[in-house]
Amino acid sequence: MKAAVITFPGSNRETDMLDALERITGKKPLRVWHADSELPKVDLIVIPGGFSYGDYLRCGAMAAHSPIMREVKARAAAGTPILGVCNGFQILCEAGLLPGVLLVNETLKFHCFDVHLRVENSQTVFTSGYSTGQVIRVPVAHRDGNYFADPETLDRLEGEGRVAFRYVTADGVPTKEANKNGSARNIAGIFNETKTVLGLMPHPEDATDPIQGSTDGIGLFRGLAEALA
Amino acid sequence: MTITPEIVASHGLTPDEYKKVLDILGREPNLVELGIFSVMWSEHCSYKSSKRWLRQLPTTGPRVICGPGENAGVVDIGDGLAAVFKIESHNHPSFIEPYQGAATGVGGILRDVFTMGARPIANLNALRFGSPEHPKTRHLVAGVVAGIGGYGNCVGVPTIGGECEFHPAYNGNILVNAMTIGLAKADRIFYSKAAGPGNAVVYVGAKTGRDGIHGATMASAEFSDDSEEKRPTVQVGDPFTEKLLIEACLELMESDAIVAIQDMGAAGLTSSSVEMAGKGGLGIELDLDRVPVRETGMTPYEIMLSESQERMLMILRPGSEEAARRIFEKWELDFAVIGRVTETGRLVLKKGGETVCDIPVGPVSAEAPVYDRPWLPQPKAEPVEAPTAEPIDALRRLLGSPDLASKRWIWEQYDHLVMGQTVIRPGGDAALVRIPGTNKGIAAVVDCTPRYCVADPTAGGAQAVAETWRNLTAIGALPLAITDNLNFGNPERPEIMGQIVGCIEGMRWACLALDYPVVSGNVSLYNETNGQAILPTPVIGGVGLVEDVTRAVTIAFKGAGETILLVGETKGHLGASIYLREIAGKEAGAPPPVDLEAERRNGDFVREQILAGRVTACHDLSDGGLLVAIAEMAMAGDVGATLEVETTPGFLFGEDQSRYLLTTREPETLLARAQAAGVPARVVGRTGGGALTLPGGRAISVAELRQVHESWLPNYMSGH
């Protein structure tokens, strides 16, 4: 699997992502600079976490209009899998590749801690390394992770199997307590219509090495590597 | 404009200091020149009250590559790598405008570290606020924490540790001390000494505005009730620009373009140009019309004294200007050649073709006043009686008290995981980050016990150093060196000066005994409002090395059926303890003495056992003593314990130093080795169950402990 990681000036989890991809797939991913309008041919495009252009405006709003995102949209339309994590998820929503928006957390604070996620649909290129209903533990690190969409959109996402992950308790129950940022229906990550674009707030890349306290994020990258081999 | 005595006084210069200015120049200064002398000779920049005493601290050692005097200290960590670190205060600005004050404190210390050629890999902070009941405290806590998070999270450097305490002595002067650790190649360290007359002086980063003018002078005076009018002297931070500046500087540092580099921190363009020229014994000529400015009509005075953030000054090798410019343009940062290095030894500033300043550099930096201020030794504290209390009840009260309550509410607002290298997260003895591409790790901690320092400055200074050494040891790290942030009141008062002298003396003893030199630091004086000084607070930032991060241990009990050992001697010292303060309402008595020989012996023993794999969890004993430490280990691991201990307040809550709790599955081996090493060790209990159980059957569940420990701060902050 050949992967490209897009780097904006304010990206700050690109090394976490590059490390995780290399650790699990054994291949060094390409690093693509935001000002480039050319994107080499790759099997997976990743938009990592951070603060793209500072995000003083709405998170990801400026990045969504950067030159590289025009190319990302074209690749998405052609079916290349796109993964957006944290700021990457925000950018994908702002760019219209995913529905809905990420609001400021209900607590109005930045959150950095481990969460439990339930895998809602393992029949995708991103989640084939997991089983549906499996609970994984990975960290979050965001201030604007409160997923919002209108009820019709949420119903459609659920009806079409497009909810990827939900915030749950350690034993897999989607409670209010487990949903600290206040996301609609405990949604932590969603797919596009063709399930070739995934955006999620938590950081599976920071749960891929025993020293990080969890290796539950490996499944996502291993699944991708096998599906895209 | 004529310089009147009022103008001199408003610049914080004494009549004697002004006379010295006249002697140096042989004429009256103009306002720009006066402003430059004023900031360079401020307490903040010149260390004029503390310098004489700071010289006594040990600053060298086999691993020290660069000690105090540069932007940050540098320590060799083997394999061609170096740890670069420093701590710095942003106390005054944070009190006036907590979010921006704290945010720019983080920004400033990050710049100090990457200026040396290091990529920042960890941040820590030590915070002290007034009484929780004080009407401003909640607002200050919220603003400071949000500011630190807002800056560090965006820049993408994990904030891995810190401390936070409350005391009425900080009601009018909070303390915000921020520390950064960076990683560099040991043979690629960048310094600030100017060289090469004719070389370009280059300004990079953000534009210069009117913010923060005279911040350094503000930080060198006491507060009064109208200090909030000083809000315009607080700078505004832009972490996104800082992130760009880090990347651009580190990219340029891959080449040989840079001769010298210095960040524009306190006193901005003034201190950076004067310090660089002064260190090189050279002069600098700047054309202020070329300085990128944010506002029109800025005067030379404003340009030179602005403390706008995210700016750097560099001296480049001939011929490298264009390559450097391209890098900064890629990162969309300003890049301007604003002057040249000269042989004159003078700082010459031009604006509109006219010379607006022409002063000798050497005297401004080297002849800054140094004072040997009168000081009074602290009278010895009277012995104090401690009352007895029901132990479980006392434990509950201690764990829910502001200083001992969990600070999760704070550190969960800091991204402590970004970079993906965090091995030990906040909340334990020391935090640990792995060095990318290796198994090695850098351990770090900040600590100070001001109630000890106020009771006995020398013992308190030694204790602060020893406690960081112990915290690092408790995870299995080898302590390497420290950075210090000396926060005190007005040094012109002999009793405050006595605290400074005493604390430094104690620090010196401990640094020498533990081979633990000081490599960088910062002094913050005049932390007083209306004559009320803070507690003497010499915060120590300790840095240690772990050769294999998988060998490090945490404080969490790992499972049932393990033996709990207490290492070190317990006499039951309750003077100046948290128990005495929280249970008896008394802040009295002498602090526990630190026997530095025992400290070293016990610590070396504990580290050796951890690295040998015989220890499953380890925690040092500090505030609150034995029972609090056991409770913290139980909460962290969600495993209870049954204790076999004396139930006197001294045994359970005494704060005798140089002690550790270990859990092990090999108690006989550990006890035998302790005996052989001459280290006191005894069994104090076994892990297991869901409660802490004392002899006689009195118990408290781990769930209840956690409820008490975790709820105080969130409840307080939400106004309950």
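Naming: A, B, ... by sequence-line order, numbering from 1 per chain. Scope of the values below: all heavy atoms of this structure, side chains included, with no hydrogens, waters or symmetry mates. Please read all numbers here as calculations on a predicted model, not as lab measurements.
Judged as a side chain to side chain contact (heavy atoms under 4.5 Å, CB included), and not counting sequence neighbours, the contacts of B:V553 are B:I610, B:C618. In this structure, the side chain to side chain contact (heavy atoms under 4.5 Å, CB included) partners of A:R70, at least two apart in sequence or on a different chain, are A:P67. Evaluation of the side chain to side chain contact (heavy atoms under 4.5 Å, CB included) rule for A:L228 yields A:M1, A:D43, A:L44, A:P81, A:V125, A:L224 as partners, not counting sequence neighbours.
In terms of non-hydrogen atom pairs under 4.5 Å with chain A, the most contact-rich of B:A146, B:G441, B:A552, B:P239 is B:P239. For the set B:A142, B:G149, B:G420, B:G150, the entry with the most heavy-atom pairs within less than 4.5 Å of chain A is B:G420.
B:V549 touches chain A through its side chain: at least one heavy atom from C-beta onward sits under 4.5 Å away, while N, CA, C and O do not. Contact annotation for B:V145: neither backbone nor side-chain heavy atoms come within less than 4.5 Å of a heavy atom of chain A. Residue B:L417 touches chain A through both its backbone and its side chain, counting heavy-atom pairs closer than 4.5 Å.
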Would you mind checking chain A against chain B for donor-acceptor pairs under 3.5 Å and listing them?
from: A:S11; atom 1: O; to: B:K243; atom 2: NZ; distance (Å): 3.3
from: A:N12; atom 1: ND2; to: B:N153; atom 2: O; distance (Å): 3.1
from: A:N12; atom 1: ND2; to: B:C154; atom 2: O; distance (Å): 3.1
from: A:R13; atom 1: NH1; to: B:D415; atom 2: OD2; distance (Å): 2.6
from: A:R13; atom 1: NH2; to: B:D415; atom 2: OD1; distance (Å): 3.0
from: A:R13; atom 1: NH2; to: B:D415; atom 2: OD2; distance (Å): 3.3
from: A:D16; atom 1: OD1; to: B:M419; atom 2: N; distance (Å): 3.2
from: A:D16; atom 1: OD2; to: B:M419; atom 2: N; distance (Å): 3.0
from: A:D16; atom 1: OD2; to: B:G420; atom 2: N; distance (Å): 3.0
from: A:Y56; atom 1: OH; to: B:D238; atom 2: OD1; distance (Å): 2.4
from: A:Y56; atom 1: OH; to: B:F240; atom 2: N; distance (Å): 3.4
from: A:C112; atom 1: N; to: B:E412; atom 2: O; distance (Å): 2.7
from: A:D114; atom 1: OD1; to: B:R425; atom 2: NH1; distance (Å): 3.1
from: A:D114; atom 1: OD1; to: B:R425; atom 2: NH2; distance (Å): 3.3
from: A:D114; atom 1: OD2; to: B:R425; atom 2: NH1; distance (Å): 3.4
from: A:D209; atom 1: OD2; to: B:R434; atom 2: NH1; distance (Å): 3.0
from: A:D209; atom 1: OD2; to: B:R434; atom 2: NH2; distance (Å): 2.8
from: A:Q212; atom 1: O; to: B:R425; atom 2: NH2; distance (Å): 3.2
from: A:Q212; atom 1: NE2; to: B:G420; atom 2: O; distance (Å): 2.9

